[in-house]
Amino acid sequence: MWERTLQDLIRGLRANKKDEAKFIAKAVDEIRHEIKTDDMELKAGAVLKLTFLDMLGYDMSWASFHVVEVMSSPKVHLKSIGYLAAAQSFEQDTDVLMLTTNSLKKDLTSTPADIAVTLDGLSHIVTPELARDITPELIAMLNHSRPNIRKRAILALYKTLMKYPEAISQARTRLEEKLTDPDPSVVAATVNVLCELARRNPKDYLMLAPQLFHLLTSSTNNWMLIKIIKLFGSLSPHEPRLVKKLQPPITELISTTPAISLLYECVHTCIIGGMLQGPSGDSLARICVSKLANFIQDADQNLKYISLLAMAKIVPTHPHLITEYQDTIISSVNDQDISIRMRALDLLSAMVNRSNLQSIVQQLLAHLVKDPSSVPQTATQSLSQNASSAPPITPNSFSPSQSPAYRLTLAQRILTLCSQSTYENVTNFEWYISVLVDLAHVANVDIGSEIRDQLVDIVGRVRGVRRYAVKLMYSLLSDDTITRNAGEPGSCSEVLWAAAWICGEYCLELSEPEKLLPYLLQPEIDNLSSDIIAVYIQAATKIFGMWASELAQEWEDDSLPEVKQVVESILNRTREFSGSQYIEVQERAANAVELFVFIQADLNSYCPKSDLSAPVSLVGPSLNDGFDQHDEPSFPKSLYLIQPLFSVYELNPVATHAQASVPLPEGLDLDAWIVPPPREVTPQLEKPEADGAEKKKKKVKKGKGKEEASSSNKKKIAKAKINSEVLTPVESDTESPEERALREKRKAERLAQLRDDPYYILDDKPKPHVYDVDSIPIVHLEDMPPMPGFSDGKYPTLRANSNTFSSGSFTIERDGEMPAAATPPRPQAGSQPISALPSGVATPVRLMPFPEYEVSGEPPVEPIKVVRTKKKTLGKKKKRATPEDDAPNS
C-alpha cells in the first residue's frame, strides 16, 4: 500500500486549489486510517500531516492521544514530531496532558538529545500541575554537564515558574549561581530570566546588584548588556545608591557604543531610573537629549517613534534641553506616519511654556493651511487677509494628506495648549483671540463650539482685551464667509454666536455701532442655526439701545429720520422672526417687537424744538402733557428705553466650584413624593345638610358687571362642590418595606421612561397671578416735575476714554464670582445703583422712577370703590356685603 507523505499532501493542496475542501476531506480520511496503525513511523507521519493541517485552521484535537503516543517514542526524530504536534495543538485544558508526567520525567533523565527535545516541547505545553511535578527535575538539570542543556533548562524553568510561582524561592539560588557560569550563553540566558522575574518583584533581586554590575562593566555581548541595563532600570528606584554607581558606566556606553538598540536602552534606563536628577545628572541629560534628537532625524520610523516617547519623559525634569530642538520636533507633526504625528503633539503639549507658546501655536496653525512649506504668517496678518479676500472654505483648500480626524485632533490640541490652567501660558490675549478667529477659518472641522466657548470666556475674564475683541468680532460679523457656508460641515458657524454676543454685551467698545445692525439683521442669517439667530436678535437690541442713548446725548433734529429708518428696519426683520418655529427665536423676536413698537410710536409723536411754537393739536392728549416745556428734554425719551435693561449689572465669570458652594435649602428632600401614589382609596363624600333644605340666596340688585361677577362666583362654587365630592386617597402613617420597594420600582420605571422623552411636559399649570385692585394708587399726571438728571442740561458720557486701554498688560480673572452669603438688597427708588462697568468707564444714563406726588385739594373724580361679594359658606346664611366690609385695612 502506498502512503501519502507530507510533501505529497502539500503538492496535492497546490494542485487542487479549486476543490480544496474535497481534497482535504479525503486526506483526513487517509490520516485516520494511518494514525490507528501499530507502525510508529506511519503514525508519526500521520501526526506530522495533521500538524500541517492544524496550521491551516483544521481541528486535530481528536488525535491528542495519538500525539502522546508519538511523544513517548524511543526514537528522537519521532519524539520531536510528537512534541511539535503537542506544542501546536495542545491547550491548557487538554485531557491527555495528565498522561505525560511520567513520560516527561523519563525523558529528562535520558540521553542529551532526548533531554533537549523534551525541554523545548515542555516550555510550550506546561500547565500548573505539570510545573509542580516537573520543577525538581528542572532545577537539578541546571547542573548538567552540557552547556546547551543548562541553557535550555534555564529557559524552560522560567515558563515553569510562571505557572507555579511557589517554586521561585527554590530556583532563585541556582539561578544566582548561573551568573558565574563559564559558558556565556548560559549567563545570557540567566540574565534574561532574572530580568523578566525582577519586573514583577524587583526588591527580591537587589542582592544581585554586585554581580550584575560586574557583568555590565566586563561583558561585550550587546544583547546581554541590554538585559542587564533593563534589570538595573527596575532595581534603581528601590535602591538610590545604585544611581550614583551606574552613572559612569552608562555614560560611557551612551558616548561610545555604535549599537542603536543598546544606546536607546541606556537612555531609557537613565530616565526611568532617576539618573537625570541632581547636578550630576544635567550633563547626562544633555547627552541623552542630543542622542534622541539624532534619532528624530533618522530615516527609520521606529527610531523616530521611540525617541519622541523618550523625550516626552525627559520634559518634566529638563524642559530647557528639549526646547533647543523645538523645530526638529515640530517637523515631525507633518510626518506621513500618524503615530509619529500624535507622539510629536504629545511632546509639544508637555514642553510648552510662556516663552515658546506663540511660536509653537503659529507653526501648528501653519500645518492646517494648504501649503505648510510656505512661510507662516502671524495670526493678525492671516485674519486681515481672510477678511479682505475671503475665499470660500472648501476641502480643496487644505492639505489632502491630513485626514479630518487628525485635523480635529490638531485643532483641539492648539486650544488645549493655550487654555490649560486658565490661560497661564498666554501673555498676549490679543494674539490668542486672533488665533481663535484664524482657527475658525482654516480648521475645516467641527470645532466651532470649543472656539466659541473660549472666546466668550476670555472676553469675560480679561477686561483689557475687550476693545480689541469687539473690533475683531465686528470684522467677523461683517465677513460673510462663515455665514455663507454655515450649513456645510466644518464651517465653525458657532463662532458667529460668540461674535454677536461679544458685540452686544460690550457694545460700548464699538466706534460705529449703527453700521453693525444691518449685518446682524441681513437676510443671509436665515441659514444659521436657531441659537445663533436668537443671539443676533438680542445683540441687535443691545446695540441699538446703546447707540440710541448715545445719540440722545448729542441730539439733533436732523437725526430723527435716521433713527426712524433704523427702527423700521429692525421691526421688519424681528416681525419675520416672531413667527419662527423655534421657541427661543420666537421669544426674543416678540420681546424686541414690543420694545421697538413703543419706540416707533414715541418717535412718530415727537415734536422737534422748531415745531414747539406750532399750535397744539386738540385731537388727543400729547406726550408733553403734564411737563413744563422748558424742562422737557430735547430728544425723544424712548431713546433711553432699552439701554438700562442690559446695563444694570455686570456679567462676570463664574468660579469653577460656585455651584457646589450654593447651600441646599432647609427641608429640601428630592426623594420625597410631590404627589404620593394611591394605595388605599376610601370614598369620602360631602355630608348632607342638617336641615335637608337648600339655603336660598338673597337677590341683590346688581349692574351688568356685577351680574357677570355673580355668574363667575356661581361657577367657582359649583366647581368647588364637585371637587369636594371627588374620591381622595387615605394614606397610612407608616410605609411597609414592600410598599417602599414598590415605590422605588415605580420611581425607577418613571425616570427611565421620561429620561429620553423629548415631548414630556409637566401637567401642573402655574396659578394665575391675582392683582389686588384696591391697592393700586391713583396718580394724576397733571403738573408733573421735569425728568431727573436732565435739569442741568449736561448729559453723562457713555464711552470710556480711548487712552485708558493698554495692550501691553492683561489681568485675568481666574477665580470668578462665588455665590453671595445673602441676597443683596434691591435698590430703593431714588437711590443710585452700583455701577456695573469697569473702572474708567462712566456710569451710563438710567431713567429713574418718578416719585409719588401728593394731590392737593379734592380729586375731580370720585374714586371707584370695588364691592366684593363673599362666597357662600355651606350651612350658613351669607349676609350682604357692605362698603365698610370691603374697605381696605388701615
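What you find for Ala411 and Ile447 is that their closest heavy atoms are CB-CD1, 3.3 Å.
A 6.0 Å sphere centred on OH of Tyr519 holds no more than 12 heavy atoms belonging to other residues, nucleotides or ligands. Enclosure of atom CD in Gln659 is not indicated, since only 12 or fewer non-hydrogen atoms of other residues, nucleotides or ligands lie within 6.0 angstrom. The 12-atom threshold is exceeded at CZ of Phe646, counting heavy atoms of other residues, nucleotides or ligands nearer than 6.0 Å.
With rounding to the nearest 0.5 Å, the separation of CG in Leu517 from CG in Leu477 is 11.0 Å. Note: Glu430 CD to Phe810 CZ = 4.0 Å, rounded to the nearest 0.5 Å.
Take Arg413 and apply the side-chain hydrogen bond (donor to acceptor under 3.5 Å, both in side chains) test, not counting sequence neighbours, and it matches Asp346, Ser349. Contacts of Trp497 classified as side-chain hydrogen bond (donor to acceptor under 3.5 Å, both in side chains), with partners at least two apart in sequence or in another chain: none. Among residues two or more places apart in sequence or in another chain, the side-chain hydrogen bond (donor to acceptor under 3.5 Å, both in side chains) test is passed with Lys471 by none.
For the pairing with Glu509, the salt bridge (Lys or Arg N to Asp or Glu O under 4.0 Å) check across Arg466, Arg467, Arg463 returns one residue only, Arg467.
Side chains of Ser647 and Gln643: a donor-acceptor N/O pair is present below 3.5 angstrom, by distance only. Defined by atom type and a distance below 3.5 Å, a donor-acceptor pair is missing between the side-chain atoms of Glu512 and Tyr474.
For the pair Ile330 and His367, the minimum side-chain heavy-atom distance is below 4.5 Å. In this structure, Val597 and Arg575 have side chains that are in contact, with non-hydrogen atoms separated by less than 4.5 Å.
At least one donor-acceptor pair under 3.5 Å links the side chain of Asn356 to the backbone N or O of Asn353.
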